[in-house]
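Encoded as C-alpha cells, the structure appears first; notes follow it.
A note on names: the letters A, B, ... follow the listed sequences, proteins ahead of strands, and every chain is numbered from 1.
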Amino acid sequence: MTTTMRPPVATSERLTLAHFWVAVAAFGVASAMALMQALSRASLDLPWRSAGMYYMSVTAHGVLMALVFTTFFIMAFGYVVVTRALERRPALPGLAWAGFWLALAGTVAAALMILMGRASVLYTFYPPLRAHPLFYIGLALVVVGSWCWSVVMLLSQRAWRREHPDAPTPLAMHGMMATVIVWLVCTVGVAAEVLLQLVPWSLGWSETVDPLLARMLFWYFGHPLVYFWLLPAYVIWYTVIPRIAGGKLFSDPLARLVFVLFILLSTPVGFHHQFMDPGVPAGWKLVHTILTFGILFPSFVTAFTVTASLEVAGRMRGARGLLNWIGALPWRDPLFASVALSMILFAVGGIGGAINAAFGMNAVVHNTAFIQGHFHLTVGSAVALTFMGAAYWLLPRLSGRELELGLLARVQPYLWFLGMMLFSFSNHVTGLMGMPRRVYDASYGDSPIAAAWHPLTHVSALGGLLLFVSAAFFMMVMIGTALAGARRAPQPIEWAEPLEGPPLRRSIFDRFGLWALVAVVLVVIAYAYPLWHHLRMARFGSPPFVPF
Amino acid sequence: MNVAFYEKLWMCAAGGLIAAFLTTLVVGLAGSALQPPSHVETIDPRTVDADPRFATPGVRVEGDHVIVTVVARLFAFTPDEIRVPAGRPVTFRITSPDVTHGFQIVKTNANTMIVPGYVSQFTTTFADTGEYLIVCNEYCGTNHHGMYGKLVVEAP
C-alpha cells in the first residue's frame, strides 16, 4: 500500500517553507564564509585577507552552518513529517510560529554580532573568550525556538496516537521522535552554560566563570548535537531513498532499533571531545570512550540496511549479477545522487570518527586539520549533502513549483563529492603531519616543519573552491525555482514501504517515554559523579578576555 | 523480530569490530600506559606569575627526571625555546593566565589543552634529537597563528 497524502494544507506549508528558506539563506552566507577560509589557509593573498576577517569568518561559517542551517532545516523537515506522514496539521500552530520568530530573531542578533566582529569566538565559544552579550542571547533564542518546535512535534505525535491507539508510529515520525528526544536531553547542557554562566558574565553581572565547567556543559550538548543533525538524514535514507531508488526498505524493525539506540547512546559520550583537557580524570574519559564505541553500532546497521535497500531497488529495476544493481540505480536523480555520495563520504568519516574517539590515540589528531577533514565528511557531507538533495525533492512538493535549472541540480552533488574528497583528504593528511586546525596562516615563522604542509593546503583550497561552486549551484537552483519554476499541482510525498510489509501493531519500539527515561538514567550514570566531583573541588574562575 | 541471515552476520561482525577496537585501547592502556593527559590540579589564573609553581618557568632537572614549566599566554609560550635531553622522561607542567590555549609538539603525540584555572601535566620521552615545532592549537584570538615555540631535543 502506498502512503500518499491528500493535497497539502496551505498554512502548514507556509510554516514549513518559512523554516526552509531561513535554512537556505544561512547556508548561502555560510558557504561564502567558507571560501574565504580555504583560500586564506593556503596563504593566497587576497586584497581583503586579514586575521580578524579570517577568525570572524570561521565563527560565522560554524554558527550559520552547524547551528542555524541544520536546526532550521530539521525543524522544516519535522513539519513535513507531521503533515505528510502523520497526515495532520502540526499541533499548536501559534507555538510553532512563536518558535520560528524567536529562533529567527536570535539568529539575526547572533549573526549581526559576528559580522560586526564583536563575537569572533568560533562556534564553540569557549570562555574566557568573551563575545558581545547579544551573541549568547541570540543563540539562547535559537535553542528556545527549537524547544517550541520540539513541543509541537511531541504534541502532534500524541494527538496522532490517540486517534490510532494500536498502529505503530510511521517510521519517519519514529526517527523524528528520536531526534526530538535527543535534542531535549542534550540542550539542557548548553542552556545551562549559556543562561547560568555566559549571559550573566558577559553582561558584567558576575565577575568570573569556570572555563572547564563551561567545556563540560558544552560537550554534554556538543556531541549529541551531531546526532540531532544526523538522525533526520537517516530518516531520509530509510524512509525516502529506497522508494526514490525504485525499491523497498530492507528492514523496518531494524530501522526502529537504530533510532532507539540513538536515543539511548547519543548523550553520555561528551568527554571524548575533552580527552586532552586537564581537570577531567582519565577513568571517566574511558567510560565515555566505551559508550562512544557503542554508538558506532547503529550506524553500522544503517550502512547495511540502506545499502541492502539499494540492492533491492537495483534488482527490482531488473539488474542481474553481483554488482550490476549499482549501475541500475537512478544516479541522475539529484536526491538519490546526493544521498548515495554522502553515504560513501560518511563511511570514510565514520572510520575517522573511531580514530578520534580512540582514548590513547586522540593526542595525535586532537585540534589538528584532521578534525576539520573528519567533520566535513560527517556533518559537511552525510548531513549537508543529504539536506541539499532533500531540498531539491522537497521544494517542488512544498511550493507547487517545478525544479528550475535541473542540470545544475544534477551536477551539484558530484561537484560536492569531488570538492570534499580534495578538501577532506588533504586536511586529514596535513593533520597527521601536525598542522593545527583553524589558523589564519600556517607558516609559523617560515618553519621548515610547517613548510611541508604547504603544498597540501593548495589542494584543500582547490577543494574549497569546488565546494563553493557546488554551493552556488545549489543556491541558484533554489532561488531559480522560487522565482521562475513553472507552477503545477502540489504533489504527494511517497514514503518507502518495507520489504516485508509494515509492522501491524505497536511494539516495544514505540515506547518513547520509556526510552527517554533510560537515556536520562545513562546520562546520570555518565555525568552525575564527574560533575558533582568537579563542583565540590576548590576552583578559580576566569575574568573575560576579548583578544579579537 | 525477523532479521535476515546476512544482516545477522553483519551485525555480529560489527559487534566484533567494536570489541576489537576497545581491546586495542585497553591493551594500549595496560601495556604502554597510553592515556590522555588528565591531571587534576587547580590554580588561580589571576595570580599565575606570583604562584611559586609558575613564577620561574623553564627547565629544571630533578635526579633522572626533567621538569618543564611553561606559561601559555596571549600570544606566546614562556619560555619560547625549550631544551631537553633525549631518552629521559620529561614532565611538562603548563597553565594559562588568560584564555584557553593548546600545546602541541608537532610530529609527536604530546598534545594538551591549557584551560585557565587548571594545570595541564603530562610526561613523555623524546627518542629522537632535533628541533621540534610547538604550536598553540586552540583558537585564542586574532594572533592565534602567531603563538608558537621551539623544542630542542639534545643528545644526553
Side-chain angles (χ1 to χ4, degrees), chain A residues 51-52 55 122 126 128-129 210-212 215 250-251 253-254 275-282 285-286 289-290 293-294 296-297 300-301 304-305 308 354 358-360 362-364 366-368 434 436-442 444-445 447 449-450 500 537-543 545 547-548, chain B residues 1-4 6-7 10-11 14-15 17-18 21-22 24-25 28-29 32 34-46 74-75 98-100 102 104 106-107 109-121 131-133 135-146 148:
Chain A
Y55 293 114
L122 310 193
Y126 296 139
L129 288 174
D210 174 2
L212 186 58
R215 292 172 67 81
F250 187 74
S251 170
L254 279 180
F275 280 148
M276 297 301 125
D277 279 19
V280 180
K285 292 176 178 173
L286 188 61
T289 303
I290 293 165
F293 278 93
L296 280 178
F297 187 75
F300 275 126
V301 175
F304 185 95
T305 308
F359 181 73
N362 176 264
V364 180
H366 173 76
N367 267 357
T368 68
R437 67 192 279 203
R438 317 201 272 205
V439 284
Y440 163 68
D441 183 284
Y444 290 103
S447 146
I449 295 165
E500 297 195 350
M537 183 163 71
R539 293 166 297 136
F540 302 90
S542 286
F545 291 87
F548 52 81
Chain B
M1 192 162 83
N2 189 12
V3 179
Y6 284 113
E7 183 134 34
W10 172 270
M11 286 163 80
L17 186 63
I18 290 168
F21 282 164
L22 286 173
T24 63
L25 297 188
L29 181 64
S32 330
L34 258 184
Q35 56 168 303
S38 307
H39 181 66
V40 183
E41 180 183 344
T42 58
I43 182 168
D44 189 341
R46 286 171 293 190
L74 298 163
F75 294 98
D98 42 57
V99 303
T100 306
Q104 177 193 344
V106 172
K107 290 191 164 175
N109 66 351
N111 193 341
T112 185
M113 298 296 300
I114 305 159
V115 182
Y118 299 83
V119 177
S120 304
Q121 178 179 310
E131 273 191 28
Y132 292 77
L133 175 66
V135 297
C136 170
N137 65 9
E138 181 61 59
Y139 168 69
C140 54
T142 307
N143 197 27
H144 164 52
H145 51 280
Y148 57 92

For residues [X] and [Y], determine if any side-chain heavy atom of one lies less than 4.5 Å from a side-chain heavy atom of the other.
X	Y	answer
A/R438	B/E138	yes
A/V301	B/E7	yes
B/T100	A/P128	yes
B/C140	B/L74	yes
A/F297	B/M11	yes
A/D277	B/Y118	no
A/P547	B/F75	yes

Engaged part of [X] at the chain A interface, taking heavy atoms whose separation is under 4.5 Å:
X	value
B/H39	backbone
B/I43	backbone
B/V3	side chain
B/L29	side chain
B/Y6	both
B/A110	neither
B/Q121	neither
B/Q104	side chain

Choice from [options] maximising heavy atom contacts with chain B below 4.5 Å:
options	result
A/S251, A/G52, A/A282	A/A282
A/G541, A/P278, A/S542	A/P278
A/F275, A/Y55, A/F300	A/Y55
A/T289, A/V280, A/L286	A/V280

Under a 4.5 Å cutoff for heavy-atom pairs, which residue among [options] has the most contacts with chain A?
options	value
B/N109, B/V115, B/D44	B/D44
B/Q35, B/E131, B/H144	B/H144
B/Y132, B/F21, B/Y148	B/Y148
B/V135, B/T112, B/N143	B/V135
B/A14, B/G146, B/C136, B/G102	B/A14
B/L34, B/L17, B/I18	B/I18

What part of [X] gets within 4.5 angstrom of chain B, counting heavy atoms only: side chain, backbone, both, or neither?
X	answer
A/I449	side chain
A/T368	side chain
A/Y126	side chain
A/A354	side chain

**OP:** Identify the two heavy atoms, one from A/G360 and one from B/L25, that lie closest to each other, and give their separation to 0.1 Å.
**Re:** N-CD2, 4.3 Å
Original post:
Backbone N or O of B/P37 within a donor-acceptor pair of the A/K285 side chain at under 3.5 Å?
Top reply: yes
Original post:
Got a donor-acceptor contact below 3.5 angstrom from the A/T305 side chain to the A/F250 backbone?
Top reply: no
Original post:
Can you find a side-chain donor-acceptor pair between A/N367 and B/Y139 that sits under 3.5 Å?
Top reply: no
